[in-house]
> 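Would you mind keeping the following structure in view while I ask a few things?
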Amino acid sequence: MGACIHLSMSSTKIGILTGRYRAVGEGDDSSTIIDLFGRSSEGKSVVVSVSGLCPTFEFSSVHIDSIDEITPEHQQLIDAVNVLEHVEEVTGPVMKWTHFGQRPVWTVRTTQPFHVPSLRKKLESMNFTLYSADIPFVNRLFLDLDLAMHVEIQAEPILEHEFRVDVAYEIGIEQITTCEPFPVPFTICSFDLETSIENNSILCGAAWIESNDGSRRTHKVFVGQETEILASMTSYIHEHDPDIITGYNIDNFDLPRIKERMMRHSKKGEWQRQSEFFGWGRCAQTEQEASRNRDGLIPQRLSNRSWTVCGRIFMDAWWQARQALRPKRETLSFVAQLLFPEQEGKHKMDIDASNMDEEWANRREEVMEYCVRDAELPLDILNEIQAVRRTEAVASVARVVMDTATNGSTSQLIDSLVIRLADKKMVAVPRTGSAEPKEGQITGGYVHDVDAGLYPWVAVLDFKSMYPSIMIGKNICYTTRIEPSEPSPPPHHKAPTGAMFMTSEEKKGLVPFLLEGLMEKRDEHKRALGIAKQQDDAAAVGFHDAMQYAVKILMNSFYGVFASGFYRFTHRDLGSSITAWARQNIKGVITSLEQEGLSVVYSDTDSIFVQVPELQGVAYFSSNDAESVDLNLHTSTMFEFGTQLAQRFSKDSAVLEFEKGLSVFFSHGAKKRYLGQVIWPNEEMLVRGYETQRTDSFQFLIDSMNTLFQFVLKDQRDELVAFAIEQVHALKRNQVDVAQLVLSKSCKGKVLKTPVTSLRDVDFAAEYANPDSMAQVRVARQMIERGLGFTSGMKVSFIVEDGSKSPVTVKPWWDEEESLSYDGTYYAERLATALGRITEAFGWTAKDLMQGSRQSSLFSF
DNA sequence: CCGCGAGCCTAC
DNA sequence: TGAGGTAGGCTCGCGG
């Protein structure tokens with residue numbers, strides 16, 4: 001090959017973390033530049049400054065409904081907009097679909113995004129209807145250029161710039177496109193602080209860096225004067241330049257604490273000093289950057305939302321762990337123990353956090369070691385739950401920046417897809433909150449009554465992606481709804497509620513179109529996942545699994561967002577039509593099955609539990625003796641029955657699937673609580689709803705109930721009753737280790753000042769009608785008084801000391817506590833109540849369990 | 001002792 | 001100004 005001459009610019013792939021905009025130039029010559037921050041596929045931190053996009057929004061007039069009949073009076077109305085201050089240009093009209101039908105729509109272009117709110121107000125007062133008027137400017141870029149999180153730019157780096165990144169580019173909008181998703185080699189920093197309870201000062205800090213370049217994790221300890229700690233942590237951030245900053249509960253503790261100490265050591269307006277302490281952003285150290293109230297030099301949080309800083313994102317390991325794991329308790333040591341049970345030394349609590357000042361005075365080295373360890377654990381946690389990869393997959397599928405996938409709301413993800421398509425299909429985009437509010441609740445799914453008892457051989461059928469399928473099948477969309485007053489409606493589907501939606505031949509809805517695409521996308525990733533598994537390609541398995549999961553999450557989010565009262569593309573008929581069709585489908589199937597003489601044991605929303613007639617009378621549990629059940633034979637009988645039934649009752653888009661085969665199903669007679677022995681597609685115990693599934697239960701109850709369930713599924717009646725009595729009595733006699741009796745409940749409270757250091761900082765009455773009657777509030781109060789902080793919504797753990805009092809007396813439980821006394825009778829009664837619901841199906845009530853004998857035997861005939 | 005509402009958490 | 005939904009079981013405190 002000869003010498004290669006570069007005619008085109010080089011190409012760089014980047015994963016975008018977050019973006020912001022800034023004004024350049026003065027007055028009428030000013031324009032807006034969008035800075036996108038991210039990390040390139042080669043591992044460089046990058047800023048891409050994009051110019052060429054102007055802020056716009058759209059409007060229509062009630063007086064003008066056709067492009068062909070624009071009178072001079074009409075034109076006057078439009079011209080009045082053109083002469084408004086800060087209006088650069090009015091273009092149009094183009095015809096767009098609005099919920100008043102097809103209408104001419106004009107576009108207003110202005111110079112700066114911050115002019116939009118005042119212009120919006122002005123046009124509203126002039127009686128125009130506004131569209132696309134509340135889209136954040138960075139989102140506008142993503143929508144207009146159809147960008148997703150992973151992009152490719154054609155550009156050469158620029159040498160002079162103000163940003164604190166490895167490489168900077170300045171491009172026009174034609175130089176950036178979406179590319180195939182790739183695993184972005186993010187650099188993550190995790191940190192932790194130890195602080196004084198006496199005076200709130202920072203005693204020491206520790207931080208870890210994990211680069212995705214194959215190098216080992218490194219860490220640093222920060223000690224000394226508080227100002228030195230703050231300054232060197234800030235230098236550390238810039239030196240290692242992380243994309244993602246994590247830590248355990250940093251949103252509600254460490255970040256607020258750093259901000260508070262920054263203020264303590266600086267005066268108002270001393271922006272240079274403040275930047276030295278907390279200027280973590282990837283931007284210039286200027287007064288302007290320091291005073292930005294979001295995405296600036298200094299991390300900020302607007303109201304109760306997430307923290308923002310220029311160019312990096314915060315990902316709180318507490319929040320991630322809570323969402324992914326739903327742990328029974330939420331302390332760092334508990335979550336670490338849950339994930340890494342074998343690494344006991346890693347999370348043994350050897351420092352008394354409620355006595356930090358004394359610990360710091362006497363055992364400084366140990367406290368620092370403890371701090372280093374607690375700073376590292378969030379990295380392990382995020383890795384273990386694959387938080388970054390999964391979030392990246394969601395960002396990729398929803399076509400949003402990483403920050404939105406991490407800290408944004410569900411409606412932002414849906415918006416990203418729906419608005420893009422609306423623009424393409426010439427559908428005007430109404431503003432959030434513009435829909436008529438929902439009147440009361442809509443009716444939801446149908447739940448079938450269930451009788452107490454053991455039911456052998458039950459096939460579980462369910463509708464595949466029920467709500468999305470209905471939305472596709474019935475073409476349910478904001479854009480396909482027909483007004484009930486319409487005298488001659490086009491061809492349509494009519495919901496049981498009477499609402500009408502055009503057929504897809506007439507006009508395909510945006511939402512059904514998107515859902516179909518997502519379904520296909522999921523199938524593709526599932527297929528690729530299967531191939532990757534066969535080929536033992538771990539990277540591909542991880543990628544396709546994360547992607548198919550992200551698609552599933554997104555698909556299932558559509559119904560909720562569209563059934564909500566405030567979403568921009570909703571109408572109250574959408575949600576109620578979806579659920580009405582769902583109820584009609586499932587009730588129809590149940591009725592048909594029953595007419596055929598089949599026994600429907602249970603059903604919830606999209607599932608149906610049917611007994612297999614051919615197997616009734618056949619023993620359903622395997623025992624060790626010679627008469628063991630021929631499981632293979634029965635499984636295939638069940639499979640035949642289930643698949644045939646599913647096929648027979650599948651209709652159009654309502655596809656029934658044989659989901660599970662149970663050799664036995666048990667219910668004590670309450671909806672949403674059952675257990676079963678699954679024999680197909682794998683063998684496992686299935687439990688729903690019962691205390692074993694609940695995070696506000698206690699471990700001894702959970703363990704006892706699980707054992708009881710094993711007996712139930714084998715129909716070992718004598719054993720199960722004897723076991724239940726034995727467990728209840730162990731509690732009655734206080735023979736159970738108190739660590740097995742920890743109760744945990746989430747506790748809310750309006751936080752008036754973060755971090756919380758005194759009872760005055762939290763208003764519990766804002767969340768509870770009678771706060772002092774709530775055990776979790778009394779526990780939270782005790783913990784705040786001990787200097788252990790408080791986060792609204794976080795679980796608190798406690799032991800019941802005296803359950804005979806009303807309200808019950810409780811003591812907080814924290815990890816180092818070992819010898820708390822407890823009210824054995826209270827716990828025995830709770831256990832007996834829970835187990836009694838099960839044993840009652842076998843003739844033993846909770847009362848019987850408490851006294852250890854059967855009083856009700858008198859009536860058992 | 002019972003019924004009711006507040007609150008939590010789950011199933012889907 | 002902030003924002004997925006409804007159905008349902010169960011515990012506790014309170015008042016009759």
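Just so it is clear: chains get the letters A, B, ... in the order the sequence lines come, proteins before strands, and each one is counted from 1.
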> What is the separation between atom OH on A/Y826 and atom C1' on C/dT11, rounded to the nearest whole Å?
8 Å
> Using the P atom in both, what is the distance from B/dC12 to C/dG4, to the nearest Å?
23 Å
> Grab the CZ-P distance between A/F798 and C/dT11 for me, whole Å please.
14 Å
> Taking only N and O in the side chain of A/S411, is any of them less than 4.0 Å away from OP1 or OP2 of C/dG4?
yes
> Is there a donor-acceptor contact under 3.5 Å from the side chain of A/R583 to the main chain of A/P496?
no
> OP1 or OP2 of C/dA7 versus the side-chain N and O atoms of A/Q441: is any pair under 4.0 Å?
yes
> At 4.0 Å (heavy atoms only), tell me whether A/T579 reaches a base, stays on the sugar-phosphate, or touches nothing.
nothing
> Can you tell me how far C1' of C/dC10 sits from CG of A/L835, to the nearest Å?
15 Å
> Is any side-chain N or O of A/R305 closer than 4.0 Å to OP1 or OP2 of C/dT1?
no
> Rounding to the closest angstrom, what is the interatomic distance between C/dG5 and C/dT1 at atom P?
16 Å
> Among C/dA7, C/dG13, C/dT11, which nucleotide has an atom closest to any side-chain atom of A/R830?
C/dT11
> Hey, what's the ring geometry for A/Y674 with A/F609, parallel, tilted or perpendicular (30° and 60° as the breaks)?
perpendicular
> Is there a side-chain polar atom (N or O) of A/H668 under 4.0 Å from OP1 or OP2 of C/dC10?
yes
> I would like to know whether A/Y567 and A/F562 meet ring pair (Phe, Tyr, Trp, His ring centres under 6.0 Å); could you show each step before the answer?
CA-CA 7 Å; A/Y567 185 56; A/F562 280 85; 5.2 Å; yes
> Return the value, rounded to whole Å, for the distance between atom CD1 of A/I442 and atom P of C/dG4.
15 Å
> Quick one: label A/G560 by what it contacts on the DNA or RNA (base, sugar-phosphate, nothing), any heavy atom closer than 4.0 Å.
base
> Side chain of A/T432 only, heavy atoms from C-beta on: which candidate in C/dA7, C/dC14, C/dA3 is closest?
C/dA3
> By centroid distance (under 5.5 Å) and plane angle (under 30°), are A/F566 and C/dA3 in a stacked arrangement?
yes
> Any protein N or O atoms within reach of nucleotides 7-11 of chain B? Criterion: under 3.5 Å, listing atom names and distances.
from	atom 1	to	atom 2	distance (Å)
B/dG7	OP1	A/A769	N	2.7
B/dC8	OP1	A/Y768	OH	2.5
B/dC8	OP1	A/Q776	NE2	3.3
B/dC8	OP2	A/K748	NZ	3.3
B/dC8	O2	A/R694	NH2	3.4
B/dC9	OP1	A/S746	N	3.0
B/dC9	OP1	A/K795	NZ	3.0
B/dC9	OP2	A/S746	OG	2.5
B/dC9	O4'	A/R694	NH2	3.0
B/dC9	O2	A/R694	NH1	3.4
B/dT10	OP1	A/R326	NH1	2.3
B/dT10	OP1	A/Q693	O	3.4
B/dT10	OP1	A/T695	N	3.0
B/dT10	OP1	A/T695	OG1	3.2
B/dT10	OP2	A/R326	NH1	3.1
B/dT10	O5'	A/R326	NH1	3.2
B/dA11	OP1	A/G689	N	2.9
B/dA11	N3	A/K672	NZ	3.1

> Return the CZ to CG distance between A/F665 and A/L675, rounded to the nearest 0.5 Å.
8.0 Å
> Rounded to whole angstrom units, what separation is found between the NZ atom of A/K805 and the P atom of C/dT11?
22 Å
> Can you say whether the rings of A/Y478 and A/F569 are parallel (under 30°), tilted (30 to 60°) or perpendicular (over 60°)?
perpendicular
> Ring of A/Y549, cation from A/R390 - is the NZ or CZ under 6.0 Å from the centre and inside 45° of the axis?
yes
> Nearest to the A/S564 side chain among C/dG13, C/dG9, C/dG5, which nucleotide is it?
C/dG5
> Grab the CZ-C1' distance between A/R301 and C/dG2 for me, whole Å please.
15 Å
> Please work out if A/R837 contacts a base, only the sugar-phosphate, or nothing of the nucleic acid, heavy-atom cut-off 4.0 Å.
sugar-phosphate
> Return the nearest nucleotide to the side chain of A/P807; candidates are C/dC14, C/dT11, C/dG5.
C/dC14
> Salt bridge check, A/E840 against A/K847: does any charged N sit closer than 4.0 Å to a carboxylate O?
no
> Quick check on the 6.0 Å ring-centre criterion: do A/F790 and A/F764 meet it?
yes
> Under 4.0 Å from OP1 or OP2 of C/dA3: is there any side-chain N or O of A/K438 that close?
no
> Within the structure shown, what part of the strands sits under 4.0 Å from A/S409 by heavy-atom distance: base, sugar-phosphate, or nothing?
sugar-phosphate
> CD1 of A/I608 versus C1' of B/dC12: gap in Å, rounded?
14 Å
> Taking atom C1' of C/dA3 as reference, at what distance in whole Å does atom CG of A/L413 sit?
13 Å
> Once you measure the plane-to-plane angle for A/Y690 and A/F709, does it fall in the parallel (<30°), tilted (30-60°) or perpendicular (>60°) bin?
tilted
> C/dA7, C/dC14, C/dG9: which one has an atom nearest the side-chain heavy atoms of A/S773?
C/dC14
